[in-house]
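Heads up: the structure comes next, in structure tokens.
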Amino acid sequence: TRGPWVQVSAPGEEIVSTVPEGRYGTWSGTSMAAPNAAGAVALLRSADPGLDAGAVVDRMMSSAQALCGDGPGRIDAAAALGLSAPEPRSCAQSYLPLIVAGP
């Protein structure tokens, strides 16, 4: 959705997802952005289960990555978790930090 009430954004254009018959496709819209936001919040809550809802919202908003032009920043799960992520080369490029868990 768009409008002055939106305070943070999430990737929602051409998101790869599963489709019937074991295939993959790309989808766009709030139905794709919502799982991105929910997943970032779940990662944050799993890393710091003592955070209350207000603290989670504050962390997500304060760690959001600025976008070109007007509008709310885009969620950044790595920054919300306190992990460093490389700076985007250009504000016009889409940048989704990759979080890799491993030994």
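Since the model is a prediction, treat every value here as computed from it, not as a measurement. In what follows, residues are counted from 1 in the order of the sequence shown.
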Minimum heavy-atom separation for [X] and [Y], please, with both atom names.
X	Y	result
Val8	Val6	O-CG1, 3.3 Å
Leu81	Ala47	CD2-CB, 3.6 Å
Ala10	Ala33	CB-O, 3.6 Å
Ala80	Leu44	O-CD1, 3.5 Å
Val19	Gly25	CG1-N, 4.0 Å
Ala77	Leu43	CB-CD1, 4.4 Å

Notebook entry, point to check: Does a side-chain heavy-atom distance below 4.5 Å link Thr18 with Arg23?
Noted result: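 No, too far: nothing below the 4.5 Å cut-off.
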
Notebook entry, point to check: Going by heavy atoms in the side chains, are Ile75 and Pro11 under 4.5 Å from each other?
Noted result: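 Result yes, sub-4.5 Å side-chain heavy-atom pair found.
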
Checklist line | Of all pairs that satisfy salt bridge (Lys or Arg N to Asp or Glu O under 4.0 Å), the ones with a partner from residues 4-21, not counting sequence neighbours | finding: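 Listed once each, the pairs would be none.
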
Checklist line | salt bridge (Lys or Arg N to Asp or Glu O under 4.0 Å) partners of residues 35-60, not counting sequence neighbours, each pair once | finding: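 Listed once each, the pairs are Asp48-Arg59.
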
List the residues meeting side-chain contact (heavy atoms from CB on, under 4.5 Å) with [X], not counting sequence neighbours, and say none if there are none.
X	result
Ser31	none
Ser62	none
Met32	Ile15, Ser17, Trp27

Margin query: Can you tell me how far apart CG (Asn36) and CZ (Arg74) are? Round to the nearest 0.5 Å.
Written below: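 Taking CG in Asn36 and CZ in Arg74, the distance rounds to 9.5 Å.
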
Next item on the list: Return yes if some donor-acceptor pair links the side-chain N/O of Asp76 with the main-chain N/O of Gln65 below 3.5 Å, else return no.
Entry: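 Not confirmed, Asp76 side chain does not pair with Gln65 backbone.
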
